Amino acid sequence: MLNNFPLWPQQASTLAGHVDALYIFLLIVTGMMALLVFTLIIYFAARYRYRPGVRAEQIEGSNALEITWSAIPFLIFMVIFAWGALVFFKERTPPTDAAEVYVVAKQWMWKVEHAEGQREINELHVPVGRDVKLIMTSQDVIHSFYIPAFRIKQDVLPGRYTVEWFHATKPGVYHLFCAEYCGTQHSGMVGSIIVQEPAQYEAWMNGNSNGPLSGSGEKIFAELGCATCHRSDIQGRGPNLVGVFGKPVQLDDGRMLTADENYLRESILDPGSKRLKGFQPIMPTFQGLVSEEQLNALVAYIKSISLSNPMGGAKTSASGAVSGESSDNEGKTHTLPNGTKVQ
Ligand code: CUA
(Lines give C-alpha, C1' and ligand atoms only; values in the text may rest on other atoms or scores of the structure.)
Protein backbone atom coordinates (compact mmCIF):
# COMPACT_ATOMS: atom_id res chain seq x y z
CA MET A 1 0.00 0.00 0.00
CA LEU A 2 2.77 2.40 0.99
CA ASN A 3 4.47 1.95 -2.37
CA ASN A 4 1.79 4.08 -3.97
CA PHE A 5 1.87 6.68 -1.21
CA PRO A 6 4.28 9.36 -2.41
CA LEU A 7 5.25 10.51 1.10
CA TRP A 8 7.08 7.24 1.63
CA PRO A 9 10.10 5.86 -0.24
CA GLN A 10 9.61 2.40 -1.74
CA GLN A 11 9.88 -0.58 0.56
CA ALA A 12 12.59 -2.74 -0.99
CA SER A 13 14.29 -4.60 1.85
CA THR A 14 13.29 -6.98 4.62
CA LEU A 15 13.91 -4.21 7.15
CA ALA A 16 11.74 -1.60 5.47
CA GLY A 17 8.44 -3.04 6.71
CA HIS A 18 9.66 -3.21 10.31
CA VAL A 19 10.92 0.39 10.28
CA ASP A 20 7.71 1.65 8.68
CA ALA A 21 5.46 -0.25 11.09
CA LEU A 22 7.20 1.34 14.08
CA TYR A 23 7.11 4.75 12.42
CA ILE A 24 3.39 4.46 11.66
CA PHE A 25 2.77 3.36 15.26
CA LEU A 26 4.62 6.50 16.47
CA LEU A 27 2.57 8.68 14.11
CA ILE A 28 -0.70 7.16 15.35
CA VAL A 29 0.24 7.49 19.04
CA THR A 30 1.45 11.08 18.72
CA GLY A 31 -1.53 11.95 16.48
CA MET A 32 -3.99 10.57 19.03
CA MET A 33 -2.28 12.40 21.90
CA ALA A 34 -2.35 15.67 19.96
CA LEU A 35 -6.02 15.13 19.20
CA LEU A 36 -6.77 14.36 22.87
CA VAL A 37 -4.93 17.47 24.08
CA PHE A 38 -6.66 19.80 21.62
CA THR A 39 -10.08 18.27 22.26
CA LEU A 40 -9.67 18.76 26.02
CA ILE A 41 -8.43 22.36 25.57
CA ILE A 42 -11.54 23.23 23.57
CA TYR A 43 -13.89 21.27 25.87
CA PHE A 44 -12.47 22.78 29.08
CA ALA A 45 -12.50 26.29 27.62
CA ALA A 46 -16.21 25.94 26.96
CA ARG A 47 -17.10 23.96 30.11
CA TYR A 48 -15.25 26.21 32.57
CA ARG A 49 -15.77 29.54 30.83
CA TYR A 50 -16.56 32.64 32.84
CA ARG A 51 -20.22 33.06 33.75
CA PRO A 52 -21.49 36.12 35.65
CA GLY A 53 -22.38 35.23 39.22
CA VAL A 54 -20.79 31.73 39.20
CA ARG A 55 -17.73 31.34 41.46
CA ALA A 56 -14.80 29.13 40.38
CA GLU A 57 -14.73 25.77 42.14
CA GLN A 58 -11.32 24.76 43.61
CA ILE A 59 -10.27 21.15 42.80
CA GLU A 60 -7.58 19.74 45.12
CA GLY A 61 -6.18 16.94 42.91
CA SER A 62 -6.91 13.26 42.41
CA ASN A 63 -4.46 10.40 43.02
CA ALA A 64 -6.39 8.01 40.78
CA LEU A 65 -6.26 10.48 37.89
CA GLU A 66 -2.56 11.24 38.37
CA ILE A 67 -1.57 7.57 38.55
CA THR A 68 -3.59 6.84 35.40
CA TRP A 69 -2.05 9.60 33.35
CA SER A 70 1.45 8.57 34.49
CA ALA A 71 1.05 4.81 34.07
CA ILE A 72 -0.56 4.79 30.61
CA PRO A 73 2.13 6.98 28.94
CA PHE A 74 4.82 4.95 30.76
CA LEU A 75 3.46 1.73 29.27
CA ILE A 76 3.24 3.29 25.81
CA PHE A 77 6.85 4.52 26.08
CA MET A 78 8.02 1.06 27.15
CA VAL A 79 6.29 -0.46 24.11
CA ILE A 80 8.08 2.08 21.87
CA PHE A 81 11.39 1.33 23.60
CA ALA A 82 11.10 -2.45 23.30
CA TRP A 83 9.84 -2.32 19.72
CA GLY A 84 12.55 0.15 18.74
CA ALA A 85 15.23 -2.01 20.38
CA LEU A 86 14.05 -5.08 18.44
CA VAL A 87 14.21 -3.23 15.11
CA PHE A 88 17.56 -1.69 16.07
CA PHE A 89 19.16 -5.04 16.89
CA LYS A 90 17.79 -6.58 13.69
CA GLU A 91 19.26 -3.70 11.70
CA ARG A 92 22.60 -3.73 13.54
CA THR A 93 23.28 -7.49 13.35
CA PRO A 94 24.47 -8.65 9.93
CA PRO A 95 23.82 -12.34 9.23
CA THR A 96 27.09 -14.29 9.38
CA ASP A 97 26.77 -15.73 5.88
CA ALA A 98 26.08 -12.43 4.10
CA ALA A 99 27.87 -11.58 0.85
CA GLU A 100 30.54 -8.99 1.64
CA VAL A 101 31.08 -5.72 -0.17
CA TYR A 102 33.76 -3.18 0.73
CA VAL A 103 32.90 0.49 0.44
CA VAL A 104 35.40 3.36 0.50
CA ALA A 105 33.93 6.85 0.71
CA LYS A 106 35.82 9.96 -0.34
CA GLN A 107 34.99 13.53 -1.26
CA TRP A 108 32.81 13.04 -3.25
CA MET A 109 32.20 9.52 -4.42
CA TRP A 110 31.51 5.98 -3.33
CA LYS A 111 34.03 3.34 -4.33
CA VAL A 112 32.71 -0.18 -4.09
CA GLU A 113 34.56 -3.48 -4.29
CA HIS A 114 32.90 -6.87 -4.11
CA ALA A 115 34.61 -9.79 -2.34
CA GLU A 116 34.71 -11.46 -5.76
CA GLY A 117 36.71 -8.52 -7.12
CA GLN A 118 34.21 -6.42 -9.11
CA ARG A 119 34.76 -2.69 -8.70
CA GLU A 120 32.17 0.03 -9.10
CA ILE A 121 31.91 3.77 -8.54
CA ASN A 122 28.66 5.32 -7.27
CA GLU A 123 26.89 2.08 -8.11
CA LEU A 124 26.28 -1.12 -6.25
CA HIS A 125 24.93 -4.20 -7.98
CA VAL A 126 23.32 -6.76 -5.66
CA PRO A 127 21.13 -9.79 -6.18
CA VAL A 128 17.57 -9.85 -4.94
CA GLY A 129 16.84 -12.16 -2.02
CA ARG A 130 20.34 -12.26 -0.60
CA ASP A 131 21.91 -10.87 2.60
CA VAL A 132 24.55 -8.28 1.76
CA LYS A 133 26.97 -6.83 4.31
CA LEU A 134 28.76 -3.56 3.60
CA ILE A 135 32.15 -3.05 5.27
CA MET A 136 32.74 0.67 4.97
CA THR A 137 35.47 3.20 5.61
CA SER A 138 36.34 6.73 4.52
CA GLN A 139 39.49 8.13 2.98
CA ASP A 140 38.88 11.62 4.34
CA VAL A 141 35.92 12.95 6.35
CA ILE A 142 32.75 11.44 7.79
CA HIS A 143 30.17 10.36 5.21
CA SER A 144 26.98 8.34 5.63
CA PHE A 145 25.75 5.52 3.40
CA TYR A 146 21.99 5.92 3.12
CA ILE A 147 19.54 3.84 1.07
CA PRO A 148 16.04 5.16 1.82
CA ALA A 149 14.25 2.29 0.05
CA PHE A 150 16.03 -0.17 2.33
CA ARG A 151 15.61 2.05 5.45
CA ILE A 152 19.29 1.79 6.32
CA LYS A 153 21.76 4.55 7.09
CA GLN A 154 25.20 4.28 8.64
CA ASP A 155 28.01 6.78 9.16
CA VAL A 156 31.22 5.98 7.27
CA LEU A 157 34.25 7.05 9.28
CA PRO A 158 37.90 7.62 8.48
CA GLY A 159 40.28 5.30 10.33
CA ARG A 160 37.90 2.44 11.07
CA TYR A 161 35.28 0.15 9.59
CA THR A 162 31.58 0.47 10.13
CA VAL A 163 29.11 -2.10 8.92
CA GLU A 164 25.55 -2.18 7.66
CA TRP A 165 23.53 -4.88 5.94
CA PHE A 166 20.37 -5.41 3.94
CA HIS A 167 18.36 -8.05 2.15
CA ALA A 168 16.82 -6.59 -0.99
CA THR A 169 13.36 -7.91 -1.79
CA LYS A 170 12.55 -6.28 -5.14
CA PRO A 171 14.58 -5.84 -8.33
CA GLY A 172 14.98 -2.21 -9.31
CA VAL A 173 17.23 0.82 -9.09
CA TYR A 174 17.26 2.67 -5.77
CA HIS A 175 18.78 5.94 -4.61
CA LEU A 176 22.01 5.99 -2.67
CA PHE A 177 22.66 9.20 -0.75
CA CYS A 178 25.43 10.57 1.40
CA ALA A 179 23.59 11.62 4.54
CA GLU A 180 26.37 13.44 6.39
CA TYR A 181 27.47 16.90 5.34
CA CYS A 182 30.96 16.32 3.94
CA GLY A 183 31.87 19.44 1.97
CA THR A 184 30.75 21.51 -1.00
CA GLN A 185 29.79 18.58 -3.24
CA HIS A 186 28.01 16.66 -0.47
CA SER A 187 24.66 16.92 -2.23
CA GLY A 188 26.22 15.43 -5.36
CA MET A 189 27.57 12.39 -3.52
CA VAL A 190 24.79 10.15 -4.74
CA GLY A 191 24.56 6.84 -6.54
CA SER A 192 22.41 3.87 -7.45
CA ILE A 193 21.76 0.53 -5.85
CA ILE A 194 20.94 -1.87 -8.67
CA VAL A 195 19.02 -4.90 -7.44
CA GLN A 196 18.94 -7.67 -10.03
CA GLU A 197 17.43 -11.12 -10.41
CA PRO A 198 20.05 -13.76 -9.49
CA ALA A 199 20.64 -14.82 -13.12
CA GLN A 200 21.11 -11.22 -14.30
CA TYR A 201 23.35 -10.54 -11.35
CA GLU A 202 25.44 -13.59 -12.08
CA ALA A 203 25.88 -12.39 -15.67
CA TRP A 204 26.94 -8.96 -14.43
CA MET A 205 29.40 -10.52 -11.97
CA ASN A 206 30.97 -12.71 -14.63
CA GLY A 207 31.38 -9.78 -17.00
CA ASN A 208 33.19 -7.61 -14.46
CA SER A 209 35.53 -9.82 -12.52
CA ASN A 210 39.12 -8.87 -11.77
CA GLY A 211 39.57 -11.99 -9.65
CA PRO A 212 38.61 -12.16 -5.97
CA LEU A 213 39.53 -9.34 -3.62
CA SER A 214 41.26 -11.85 -1.37
CA GLY A 215 43.52 -12.71 -4.34
CA SER A 216 44.64 -9.07 -4.66
CA GLY A 217 45.14 -9.12 -0.91
CA GLU A 218 47.35 -12.19 -1.17
CA LYS A 219 49.48 -10.39 -3.76
CA ILE A 220 49.82 -7.29 -1.56
CA PHE A 221 50.60 -9.54 1.41
CA ALA A 222 53.50 -11.00 -0.58
CA GLU A 223 54.67 -7.67 -2.01
CA LEU A 224 54.84 -5.99 1.38
CA GLY A 225 56.82 -8.91 2.76
CA CYS A 226 54.17 -9.77 5.38
CA ALA A 227 54.67 -13.47 4.68
CA THR A 228 58.25 -13.44 5.94
CA CYS A 229 57.01 -13.05 9.54
CA HIS A 230 53.39 -14.19 9.24
CA ARG A 231 54.09 -17.71 8.03
CA SER A 232 51.12 -19.81 7.05
CA ASP A 233 52.80 -23.16 7.70
CA ILE A 234 54.41 -22.63 11.11
CA GLN A 235 54.42 -19.96 13.82
CA GLY A 236 56.85 -17.27 12.64
CA ARG A 237 58.08 -14.06 14.25
CA GLY A 238 54.58 -12.72 13.79
CA PRO A 239 51.40 -14.64 14.53
CA ASN A 240 50.30 -17.24 11.99
CA LEU A 241 47.20 -15.63 10.53
CA VAL A 242 45.53 -18.79 9.26
CA GLY A 243 42.25 -19.21 11.08
CA VAL A 244 42.62 -16.04 13.15
CA PHE A 245 39.66 -14.06 11.78
CA GLY A 246 36.56 -14.07 13.93
CA LYS A 247 38.35 -15.84 16.77
CA PRO A 248 39.05 -14.53 20.27
CA VAL A 249 42.67 -13.48 20.71
CA GLN A 250 44.65 -12.58 23.82
CA LEU A 251 46.64 -9.37 23.85
CA ASP A 252 49.98 -8.69 25.49
CA ASP A 253 48.26 -6.75 28.28
CA GLY A 254 45.97 -9.69 29.02
CA ARG A 255 42.86 -8.35 27.32
CA MET A 256 40.78 -10.69 25.14
CA LEU A 257 39.09 -9.49 22.00
CA THR A 258 37.69 -10.85 18.77
CA ALA A 259 39.86 -10.57 15.67
CA ASP A 260 37.32 -8.76 13.51
CA GLU A 261 37.79 -6.44 10.53
CA ASN A 262 38.59 -3.43 12.70
CA TYR A 263 41.17 -5.39 14.69
CA LEU A 264 42.96 -6.54 11.53
CA ARG A 265 42.89 -3.01 10.15
CA GLU A 266 44.25 -1.46 13.32
CA SER A 267 46.95 -4.12 13.58
CA ILE A 268 48.19 -3.26 10.08
CA LEU A 269 48.19 0.51 10.63
CA ASP A 270 49.20 0.59 14.29
CA PRO A 271 50.67 -2.82 15.19
CA GLY A 272 51.85 -1.73 18.63
CA SER A 273 48.43 -0.76 19.97
CA LYS A 274 46.92 -4.23 20.41
CA ARG A 275 49.81 -6.65 20.17
CA LEU A 276 49.12 -10.37 20.55
CA LYS A 277 50.45 -12.07 23.66
CA GLY A 278 53.78 -13.79 23.08
CA PHE A 279 55.02 -11.61 20.22
CA GLN A 280 57.69 -8.91 20.19
CA PRO A 281 56.83 -5.34 19.07
CA ILE A 282 58.82 -5.68 15.86
CA MET A 283 56.18 -5.07 13.22
CA PRO A 284 56.51 -1.71 11.44
CA THR A 285 53.47 0.44 10.85
CA PHE A 286 51.91 0.48 7.39
CA GLN A 287 50.16 3.79 7.97
CA GLY A 288 50.45 5.81 4.77
CA LEU A 289 51.94 2.89 2.86
CA VAL A 290 48.70 1.12 1.96
CA SER A 291 45.59 2.69 0.48
CA GLU A 292 42.11 2.02 1.84
CA GLU A 293 41.50 -0.33 -1.10
CA GLN A 294 44.71 -2.25 -0.36
CA LEU A 295 43.75 -2.47 3.30
CA ASN A 296 40.38 -3.92 2.34
CA ALA A 297 42.10 -6.45 0.11
CA LEU A 298 44.48 -7.43 2.93
CA VAL A 299 41.57 -7.82 5.34
CA ALA A 300 39.67 -9.89 2.75
CA TYR A 301 42.75 -12.08 2.29
CA ILE A 302 43.24 -12.69 6.02
CA LYS A 303 39.55 -13.52 6.26
CA SER A 304 39.81 -15.92 3.36
CA ILE A 305 42.52 -17.95 5.07
CA SER A 306 40.32 -18.15 8.14
CA LEU A 307 37.19 -19.45 6.46
CA SER A 308 36.63 -22.63 4.53
CA ASN A 309 35.47 -20.51 1.63
CA PRO A 310 38.27 -19.16 -0.58
CA MET A 311 36.26 -16.02 -1.40
CA GLY A 312 36.64 -14.79 2.14
CA GLY A 313 32.95 -14.85 2.80
CA ALA A 314 29.86 -16.48 1.55
CA LYS A 315 29.83 -16.92 -2.18
CA THR A 316 26.97 -15.94 -4.38
CA SER A 317 25.71 -18.37 -6.94
CA ALA A 318 23.03 -18.12 -9.59
CA SER A 319 20.44 -19.75 -7.37
CA GLY A 320 21.19 -17.29 -4.59
CA ALA A 321 22.18 -20.22 -2.42
CA VAL A 322 24.95 -19.90 0.10
CA SER A 323 27.99 -22.09 0.00
CA GLY A 324 30.69 -22.36 2.59
CA GLU A 325 30.36 -22.22 6.32
CA SER A 326 30.19 -19.35 8.72
CA SER A 327 33.27 -18.51 10.72
CA ASP A 328 31.78 -19.49 14.04
CA ASN A 329 32.08 -23.23 13.50
CA GLU A 330 34.45 -23.53 16.44
CA GLY A 331 36.50 -26.67 16.64
CA LYS A 332 35.75 -27.87 13.13
CA THR A 333 38.59 -28.53 10.76
CA HIS A 334 38.53 -26.50 7.56
CA THR A 335 40.55 -27.30 4.50
CA LEU A 336 42.08 -24.30 2.78
CA PRO A 337 42.41 -24.01 -0.98
CA ASN A 338 46.09 -24.95 -0.66
CA GLY A 339 45.20 -28.13 1.21
CA THR A 340 46.21 -27.00 4.69
CA LYS A 341 43.89 -28.09 7.46
CA VAL A 342 43.05 -25.49 10.06
CA GLN A 343 41.02 -25.56 13.23
CU1 CUA B 1 29.80 12.39 1.67
CU2 CUA B 1 28.14 13.93 2.40
Side-chain angles (χ1 to χ4, degrees), residues 6-13 15-16 19-20 23 87-88 91-94 98-115 117-126 131-168 172-196 204 208 210 213 216 260-262 264-266 268-270 286-300 313:
L7 287 179
W8 254 272
Q10 267 190 288
Q11 286 184 337
S13 80
L15 283 165
V19 175
D20 287 354
Y23 185 61
V87 176
F88 179 81
E91 184 142 2
R92 299 308 311 162
T93 317
E100 296 187 341
V101 176
Y102 289 82
V103 174
V104 177
K106 61 173 269 191
Q107 289 167 318
W108 288 275
M109 64 165 81
W110 299 103
K111 294 184 284 183
V112 169
E113 190 160 13
H114 295 253
Q118 292 76 7
R119 288 163 187 268
E120 308 184 64
I121 288 181
N122 292 339
E123 276 191 355
L124 170 59
H125 285 73
V126 291
D131 297 329
V132 177
K133 174 180 168 187
L134 306 178
I135 302 163
M136 309 184 293
T137 190
S138 165
Q139 234 171 271
D140 37 48
V141 299
I142 301 176
H143 304 270
S144 179
F145 199 94
Y146 177 33
I147 311 170
F150 296 172
R151 309 293 190 276
I152 57 167
K153 184 196 282 174
Q154 169 63 49
D155 273 13
V156 179
L157 309 174
R160 56 163 296 181
Y161 289 119
T162 53
V163 161
E164 70 183 338
W165 79 278
F166 59 82
H167 181 116
V173 178
Y174 304 100
H175 288 297
L176 161 65
F177 292 114
C178 178
E180 181 69 53
Y181 180 69
C182 56
T184 48
Q185 299 293 311
H186 157 71
S187 62
M189 194 168 163
V190 296
S192 306
I193 310 297
I194 297 136
V195 180
Q196 297 177 306
W204 178 84
N208 285 277
N210 311 307
L213 187 57
S216 332
D260 58 7
E261 287 97 350
N262 269 315
L264 298 181
R265 177 196 174 86
E266 190 177 1
I268 295 167
L269 298 179
D270 186 8
F286 287 86
Q287 185 86 52
L289 299 177
V290 286
S291 68
E292 292 296 341
E293 282 85 356
Q294 289 174 315
L295 260 179
N296 290 343
L298 283 171
V299 168

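Just so you know, these numbers come straight off a predicted model, no measurement behind them. Both counts, for ligands and for their atoms, begin at 1 and track the order of listing.
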Handout entry: Under 2.8 Å from atom 2 (Cu) of ligand 1, the protein N, O or S atoms, given as residue and atom
Key = Cys178 SG, Glu180 O, Cys182 SG, His186 ND1
Do [X] and [Y] touch side chain to side chain, with heavy atoms closer than 4.5 Å?
X	Y	value
Phe166	Ile147	yes
Glu293	Lys111	yes
Trp165	Val132	no
Trp108	Thr184	yes
Asn296	Ile135	no

Handout entry: Option passing side-chain contact (heavy atoms from CB on, under 4.5 Å) with Trp110 (candidates Glu120, His143, Met136)
Key = His143
